[in-house]
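A short write-up of the structure that comes next.
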Amino acid sequence: MSIENILAGVAVEAVKELYGAQIDAAQVMPQATKKEFEGNLTIVVFPLLRASHKAPDVTATELGNYLVAHCDAVEKFNVIKGFLNITLKPTYWTSVLTRIATDDNYGFKPVTADSPLVMIEYSSPNTNKPLHLGHVRNNLLGYSLALIMAACGNRVVKTNIVNDRGIHICKSMLAWLKWGEGITPEKAGKKGDHLIGDFYVTFDVHYKQEVAQLMEQGLSKEEAERQSPLMQEAHDMLRRWEQGDEEVRSLWAMMNEWVYAGFDETYKRLGVSFDKIYYESQTYLEGKAKVLEGLEKGIFYRRDDGSVWADLTADGLDEKLLLRSDGTSVYMTQDIGTAKLRYEDYPIDSMIYVVGNEQNYHFQVLSLLLDKLGFKWGKDLIHFSYGMVELPNGKMKSREGTVVDADDLMDSMIETAREKSGEPGRLEGLTPAEREEVLRIIGLGALKYFILKVDPRKNMLFNPEESIDFAGNTGSFIQYTYARIRSILRKSCDDLSACQNLECHAPSEKETALIQRVADFATVVAEAGRTYSPALIANYAYDLAKQFNQFYHDCSILREEDDTCRQFRLLLSRTVAVTLRRAVGLLGMEMPERM
RNA sequence: GGUUCCGUAGCUCAGUUGGAUAGAGCAACAGCCUUCUAAGCUGUGGGCCCUGGGUUCGAAUCCCAGCGGAAUCACCA
């Protein structure tokens, strides 16, 4: 149990004994004391005045006296107006430190067979183009969220629903047949996803030419788009696909394989992974069946033209199409089908969809529909909605070529890390392979931190010109702090496990503050799990690293003459390093031993 | 127009369930490498927390209204 909870418990007793009132522990939960005041933890007593019928400072003093008498860890206190500032005993801090240092799972809740099963869907790419910056944000958020939920004591299944069918992939297939038959990723020397993406662009170029020509002949834009032979061919191909045409299907399968191979490479480099992958080509028919089932039960209704709808006006929403008049599925139908399959595969307790905020409405509707269809977690499904990544000149548009490609981005991050490490001596003594590994960790760390430190809900700005910083509030700063501590530990000859006299060391103000920050890790992880916020973890890690760097510059750890003090500081440093690595690990970031 | 989300330093962002004088980084300026890694540290300047009401001991935080921005409201996915 944390010291905050213990103090709050004693404070509840105090109020009962002193004023005869029963209060909630949350009302007297201590918070970290502001650094301008003396003390470690502060209880705000204003809420207690109703019970005490005394002035704020008197109430605080009475409570303070009670805490000193009844709580071993409390050394003394001071009162400023309604703020009761509590100073804890030095021995308390050293015991906290040793406890954290020896507990490999500090801050993490254990996962058992009874733990809630949380499924997290993220990534969910289309198979007609390579991953871009928007996907990067999605993937990093989803993967980090999975790590955080697991740290908070959930069984987690990471899943990916691949949108592998539809008109978009047909466009790429058609372009390949017309202008690139015979070309393979090997022959082109390109990743498969990039190759297919190129054909998608090729299609669009030719399509636009056709439309322009038709418009010159006097057709309106809409008519031209409809009559374009290329587009008609693409639609024809989709129809053949739906009918199971062998020629189309085998081409489709081959090209999808190319794309998957490319995706796998990108995922691997990003450091994300999945436990179970679903494909829309396998789920869309399930959705159709489920909708028809709902139709029979009277949950949905059929219009005269044969289309099937859900009436959500009673829930404050519109009517929603579920099956077209020709009986084919729409997006929503597929999501229902995917949900059905997932529910059959896993006993899911809760479901988190990591999908951009442009689909807020879609998930509002999906939640209602799944609930009506009887899915246990339908009503409470969580749409982890994140904002878009914007460029300085506006949004990313694939047609206008203003997308930031995920693979290119990772390359350039690593290149920038290389430039920044150009100073002599920095990576000396490492083999070329080790050096590359360090640069990879730093480059990707910078990218991950840059994206995850921002509140997911907000749109964020990415400036490719300025790229991503490696100084200041960055992933590199945290990694640097870690590498620095590792260096100290390598050079210290002390056997850390042998330090017996730590109790004799009275930590300084800065040291207690640092221990306190380290101890906060448990609370921060729990909070991040409750609010689904990797950003909380990121900013915590930065704060801790910042605080350590200040501490580092205040004292010379290795040259400290007092043995007890040196060992204490070494242990503190090591604990900070371990905590930093754990925190950053929840973001999917790695730590270099040196940099 | 309906719904949802956002509005904090010149810029990019924090601000933990309402708490004390609102914090970082970047950019600018001034210092610190003979000392464990200067991707660092110290200092200076920079704010009607969009506006106006309300709730209370106390509001950047909660409620209402307005203003500004974003997304969405397809027989697209």
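Naming convention: chains lettered A, B, ... in sequence-line order (proteins, then strands); numbering from 1 in each chain.
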Between [N] ([atom2]) and [X] ([atom1]): distance, integer Å:
X       : N       : atom1 : atom2 : result
I478(A) : rA39(B) : CD1   : P     : 16 Å
E527(A) : rG15(B) : CD    : P     : 10 Å
D520(A) : rU17(B) : CG    : P     : 13 Å
F470(A) : rA39(B) : CZ    : C1'   : 9 Å
L317(A) : rU4(B)  : CG    : P     : 10 Å
L366(A) : rA77(B) : CG    : C1'   : 14 Å
L312(A) : rU3(B)  : CG    : C1'   : 13 Å
D315(A) : rG2(B)  : CG    : C1'   : 16 Å

Can you identify which nucleotide, out of rA39(B), rA77(B), rG19(B), has its nearest atom closest to the S421(A) side chain? rA39(B)
From the options rA24(B), rG40(B), rU72(B), select the nucleotide whose nearest atom is closest to the side chain of Y542(A). rA24(B)
Would you mind classifying the nucleic acid contact of [X] as base, sugar-phosphate or nothing, using non-hydrogen atoms under 4.0 angstrom?
X       : value
I442(A) : base
N85(A)  : base
T42(A)  : base
Y331(A) : base

Side-chain N or O of [X] less than 4.0 angstrom from OP1 or OP2 on [N]?
X       : N       : result
Q550(A) : rU42(B) : yes
K81(A)  : rC57(B) : no
R165(A) : rC76(B) : no
R324(A) : rC76(B) : yes
K34(A)  : rA20(B) : yes

When the C1' atoms of rG47(B) and rC13(B) are compared, how many Å lie between them, rounded to an integer? 15 Å
On a whole-Å scale, what distance lies between the P atoms belonging to rC6(B) and rC62(B)? 9 Å
Every protein N/O lying under 3.5 Å from an N/O of nucleotides 60-62 of chain B:
none

Protein and nucleotides 34-37 of chain B: nitrogen or oxygen contacts under 3.5 angstrom:
unit_1	atom_1	unit_2	atom_2	d
rC36(B)	O3'	K491(A)	NZ	3.2
rC36(B)	O2	I557(A)	N	3.4
rC36(B)	O2	L558(A)	N	2.9
rC36(B)	N3	I557(A)	N	3.1
rC36(B)	N4	Y552(A)	O	2.6
rC36(B)	N4	C555(A)	O	2.5
rU37(B)	OP1	S487(A)	OG	2.7
rU37(B)	OP2	S487(A)	OG	3.4
rU37(B)	OP2	K491(A)	NZ	2.6
rU37(B)	O2'	Y480(A)	OH	2.4
rU37(B)	O2'	R484(A)	NE	2.9
rU37(B)	O2	M595(A)	O	3.3
rU37(B)	N3	M595(A)	O	2.9
rU37(B)	O4	A483(A)	O	3.4
rU37(B)	O4	M595(A)	N	3.2

May I ask you to check if [X] and [Y] form a cation-pi contact, with NZ or CZ under 6.0 angstrom from the six-membered ring centre and within 45° of the axis?
X       : Y       : answer
R581(A) : Y482(A) : no
R302(A) : W309(A) : no
R484(A) : Y552(A) : yes

Centres of the Y331(A) and H362(A) rings: under 6.0 Å? yes
The contact string for nucleotides 5-14 of chain B, one letter per nucleotide 5' to 3', using protein heavy atoms under 4.0 Å with B, S and - for base, sugar-phosphate only and none, comes out as -SS----SSS
V308(A): which of V330(A), L323(A), T333(A) passes side chain to side chain contact (heavy atoms under 4.5 Å, CB included): L323(A)
Heavy-atom count check: over 12 atoms from other residues, nucleotides or ligands less than 6.0 Å from R490(A) CZ? yes
Pairing partner (Watson-Crick or G-U wobble, both distances under 3.5 angstrom) of rA28(B): rU44(B)
Could you tell me the Watson-Crick or G-U partner of rC49(B), where both distances fall under 3.5 Å? Say none if there is no partner. none
